[in-house]
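Below is one structure, written out as structure tokens; the observations come after it.
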Amino acid sequence: MTVRLAPRASADGIGDSQRNKDMLKADLHLHTDRSPDSLISVARLIQQCVARGIDCVAITDHNTIDGALAAREMAPFKVIVAEEVKTTEGEIIGFFLSEEIPRGLSPEETVRRIKEQGGLVCIPHPFDRLRREPLRAAARERILPQVDIIEAFNARVTFKSDNEKARALAEERGLAMSAGSDAHSLAEVGHAYVEMPAFDTPQEFPNALRAGRIVGGLSSPLVHLASTWAKLRRRSRAR
């Protein structure tokens, strides 16, 4: 089932008909095969986005920006260079990066390095009870004053209430909300996205999210088998 989640009312004075002219369909959590658990080549990801009408993406590979940089050179649409960084206490996404951030740093140091580049800090899937690497609650509370965005809908979350808790946290703290398919296989691309106004700079991005609408459907739990297969295949090739 697809759900449409309206954001808080915008006070920008822009009417719906005017806003729809420049709306983007932005899948803001995607992985290429530069992530060890993804099966998607950069070229095939771009083709799938075009086929499904996704015209803005954030490539959020694990601990690397190589796939995002390659996609930015190839794609006919807007690509946000991002990274899902594994810190000592769970994962943090940096949007609008120019330099890769190494894994294994503290959450505070990771946030500092994102901000140092002029990037934006996002907490992905903060309440996913089945995921191994959500940011720990104590770390989340410590860095929240410096967080720009909460991922309010992740299509790979198994229990919809976990996404609902993420949305409630964003609303409570007055933070912008993102959404993404978290795709690791082609079939998942576009399962969740934000219909949002066009933006030109990182500074405009949070307000564009606030003026947008999250559209999402949860992926089947079976999609995680694709990630397992990708990791097994990579290990076998490395032998």
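Heavy-atom minimum distance, P134 versus D128: CG-O, 3.9 Å. Among all heavy-atom pairs drawn from A82 and T60, the shortest one is CB-CG2, 3.7 Å.
Between T64 and the choices E100, E84, R34, the side chain to side chain donor-acceptor pair (under 3.5 Å) rule is met once, by E100.
Note that K165 lies outside the cation-pi zone of F159, set by a 6.0 Å cut-off to the ring centre and a 45° limit from the axis.
Between the side chains of T32 and D61, at least one donor-acceptor pair of N or O atoms lies under 3.5 Å. No side-chain N or O of D37 forms a donor-acceptor pair with one of H31 less than 3.5 Å apart.
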Start with the C-alpha distance between S185 and E188, add both sets of side-chain angles, then the distance that settles side-chain hydrogen bond (donor to acceptor under 3.5 Å, both in side chains), and finish with yes or no.
CA-CA 6 Å; S185 63; E188 299 173 70; 2.7 Å; yes
Under the criterion side-chain hydrogen bond (donor to acceptor under 3.5 Å, both in side chains), I'd like the reasoning laid out for R129 against S161: C-alpha separation, chi angles, the key distance, then a yes or no.
CA-CA 10 Å; R129 71 191 81 173; S161 60; 2.8 Å; yes
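In this structure, the side chains of V147 and R173 stay at 4.5 Å or more apart for every pair of heavy atoms.
V79 and M74 fall within a single hydrophobic cluster, where Ile, Leu, Val, Met, Phe, Trp and Tyr side chains are chained together by heavy-atom contacts under 4.5 Å.
Counting only residues at least two apart or in different chains, ring-ring contact (aromatic ring centres under 6.0 Å, His included) contacts with residues 78-117 comprise F95-F205, F96-F205.
Ion pair R112/E108 not flagged as a salt bridge, since none of the NZ, NE, NH1 or NH2 atoms sits closer than 4.0 Å to an Asp/Glu carboxylate oxygen. Looking at D55 and K78, no side-chain N of the basic residue comes within less than 4.0 Å of a carboxylate O on the acidic one, giving no salt bridge. A salt bridge links E89 and R142; the closest N-O separation between the charged side-chain nitrogens and carboxylate oxygens is under 4.0 Å.
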